[in-house]
Every structure is written in C-alpha cells, then in structure tokens.
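Below is one structure; the comments refer to it alone.
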There are 2 protein chains.
Amino acid sequence: MVKNSNFVEKLRELGLRPTRQRVKMCEVLFNREHTFHFTINDLVKMISEELNEKISLATVYNTVHAFEKKGYLKEISINSDKSYFDTNTSIHHHFYDEDTNELIDCGENDIDPVNIKKNITGKKINSVEVLVKVASDNQNQK
Amino acid sequence: MVKNSNFVEKLRELGLRPTRQRVKMCEVLFNREHTFHFTINDLVKMISEELNEKISLATVYNTVHAFEKKGYLKEISINSDKSYFDTNTSIHHHFYDEDTNELIDCGENDIDPVNIKKNITGKKINSVEVLVKVASDNQNQK
DNA sequence: AATCTACATTATAATTATTCTAAACTATTG
DNA sequence: CAATAGTTTAGAATAATTATAATGTAGATT
C-alpha cells in the first residue's frame, strides 16, 4: 500500500468502505517509512490513542484480516504465544531477537538465496523463508 | 531420547517421577523410528487410547512442557492457529504442505547451509531455520 | 510392610485470544 | 434525504492454555 496518501481512495479501490476506523488504521499501518511488525493488541492501543476514542477489538481483527486477504498485511509465526503481522508482504526473511521479542526484517541481500535440493513430488514451492533467532552474547540461549 | 527402552529409568534420570501417564507418553512419543509431529490434542487422544483410560489435559500440557524444558521436545510455529511439537529437537528445516497441513522434516542434506551476511551487533545467532511451504501444482497458492 | 511426604494427576475454574451475533450505525446510491 | 447494504460495536461464544485445590501415588523413612 502506498505511503502518505489518500487512504479513502485506496480503500474504495479495494472494495472496502473508507470508514473512520479503517482510514485511521491505514494511517497507522501504512504511513511509515519502514516495515512495521505488530500484534493485534499493539494495534488496538495505537488506534484508540490516535482516534481518541475506543475501537472495538472485533473491528481491528476484521480489518486486519481484510487487509491480509487483500495482500497488504502478512501474518508471521515466531512462537505460539505471539502472532505478529508485517506490513512487508513480500517473501522475506527475519531476525528474531529473543531478548526483546523484536522482529526484524532481513534486507534483500542479508541472506544468500537458499538452495533446496529435495523436491516433493506433485508439489510446488510456494515460499522459502528463513528465521534467524539471535540473542545477546552473554545470555543463555534457547 | 533413546528408543525402545526403559523409560522408567530415563524419566528418573531427568528428575521426573515415572508415573503411569509419563511412561505411556514416552512410549507414544519416543518409541518410534521417525520424527513425530503432533499437537496437544493429537497426543491427548493417542495417550487416552493407549492407556485405555482418560488422561487429563493439564497433565499432557505439563508433561509436554517438562519434556520441552529438558530438551526432548521442541515447539514449532507454522501458523498462529496450530501449535506443533516435534520429537526432533535438533536445529533443522521443515517443509509444510499447505494442502494437508502436514509438517515434514528436512533431512540433513535437503537444504544447503544458509549463508547469513548480516550480523546484529552484540547479538549471536542461536538458530537458523528454513520453512518451505509447498502446495499441489494445480492449486491456488497462498 | 506401614507410614510419611513431596510431587503428580485430576476435574474444574480462570484466563486469554479469537470469532460470532444481533443490534445500532453510517457510507453510498438513487 | 430516504433506502439499503456494508460496518462497527458490546457482549456472548468458543477454543487453547494455565491455575487451583483436592486427591492420589512414588519413593524415602521407619
């Protein structure tokens, strides 16, 4: 989704009515320089603050899933207790900081292409993603 | 954990009392030729059948987590709605079949070593794992 | 072998994350 | 500006997981 722009039009193009809540969500999610990783709860807090009024959890879930379906958000699974979404929807790799629970996108050139030598008959590869878990040097690793 | 063996002794060595339930869980989980992927619910069903009596969900959760803490099970996150455990606790890669929701371990030689060119200052790499999502050729991909 | 004690198991309650529901609301169309 | 179809909302429902407190049991002590 394009930055710094008229989200009202963008939403309409997607076939989603540009409601107050959705426009604000777009601003929070897509009006930024860099990739953004968040949980639903993060987002509910941010939107409520920005809107200066409460937003329903259900609305946030609905809208996040609508954006996901349209290809503007992507779900990332790191561990079972946290579900992240990512505004970078391309196939890409991640660093995960086990100290801070922070998720960091890998750049295009941070990891060499992965060479897969096995293939599964009748199946084609849809995505190849690498997760690199890091932690501070002097800490007990997981 | 070693196959085909006296799990009573094994459990004791781990500092876990060899209860009926734990011994049965060991038999179901570790008495097998190949890696096994399962959800908690899968396991509850299997254990109950094997034991011919009910087992409490809480016990299965407790014991799975105890085994995980001791390093005999590993949790795998594929997507947010399913939490898998894996009897293969080494760092290894996976194929995930999006048609059947089946998780398949990669062999040692199925994927070439991943070359990571970026490093994060003050952090060391704890693990590098690749997830290859596959689906049948003639299907709409995710 | 009987007893003791700490750890385990259990049923159930509590908690958390997510989805559903039905009523109230609102953007769009005519 | 009225009609209507899609949206938001609070709250209920569901599902997964964890906590609780009573009961049971393995292993040590007598």
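Chain identifiers are assigned alphabetically (A, B, ...) following the order of the sequence lines, protein sequences preceding nucleic acid strands; residue numbering begins at 1 within each chain.
- Within the model, atoms OG1 of A:Thr63 and CD1 of A:Ile47 stand 8.5 Å from one another, a figure rounded to the nearest 0.5 Å.
- At the phosphate of C:dT26, neither OP1 nor OP2 sits under 4.0 Å from any side-chain N or O atom of A:Gln21.
- In this structure, CG on B:Leu57 lies 10.0 Å from CG on B:Leu43, to the nearest 0.5 angstrom.
- With respect to the salt-bridge test (charged N to carboxylate O, under 4.0 angstrom), the residues B:Asp137 and A:Lys123 do not qualify.
- Counting only Watson-Crick and G-U wobble pairs whose two distances sit under 3.5 Å, DNA chain C takes part in these stems of three or more pairs: C:1-30 with D:1-30.
- Side-chain rings of B:Phe30 and B:Phe67 approach one another, their centers coming within less than 6.0 Å.
- Taking 4.0 Å as the cut-off between side-chain N and carboxylate O, A:Glu9 and A:Arg12 count as a salt-bridged pair.
- Residue B:Lys45 qualifies as open at atom NZ: its count of foreign heavy atoms under 6.0 Å is 12 or below.
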Exercise for the section: Apply the test salt bridge (Lys or Arg N to Asp or Glu O under 4.0 Å) to residues B:Glu27 and B:Arg22: give CA-CA distance (whole Å), side-chain angles for both, the deciding distance (0.1 Å), then the verdict. Expected result: CA-CA 9 Å; B:Glu27 285 169 22; B:Arg22 283 174 176 171; over 6 Å; no

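- A salt bridge does not link A:Lys54 with A:Glu49: every distance from a Lys NZ or Arg NE/NH1/NH2 to an Asp or Glu carboxylate oxygen is 4.0 Å or more.
- Distance A:Leu16 CG to C:dT26 P: 19 Å, rounded to the nearest Å.
- Within residues 46-56 of chain A, no residue is approached by DNA chain C to less than 4.0 Å at the level of any non-hydrogen atom.
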Exercise for the section: Would you mind building the protein contact string for nucleotides 18-29 of chain D? One character per nucleotide, 5' to 3', B for base within reach (heavy atoms under 4.0 Å), S for sugar-phosphate only, - for untouched. Expected result: BB------BS--

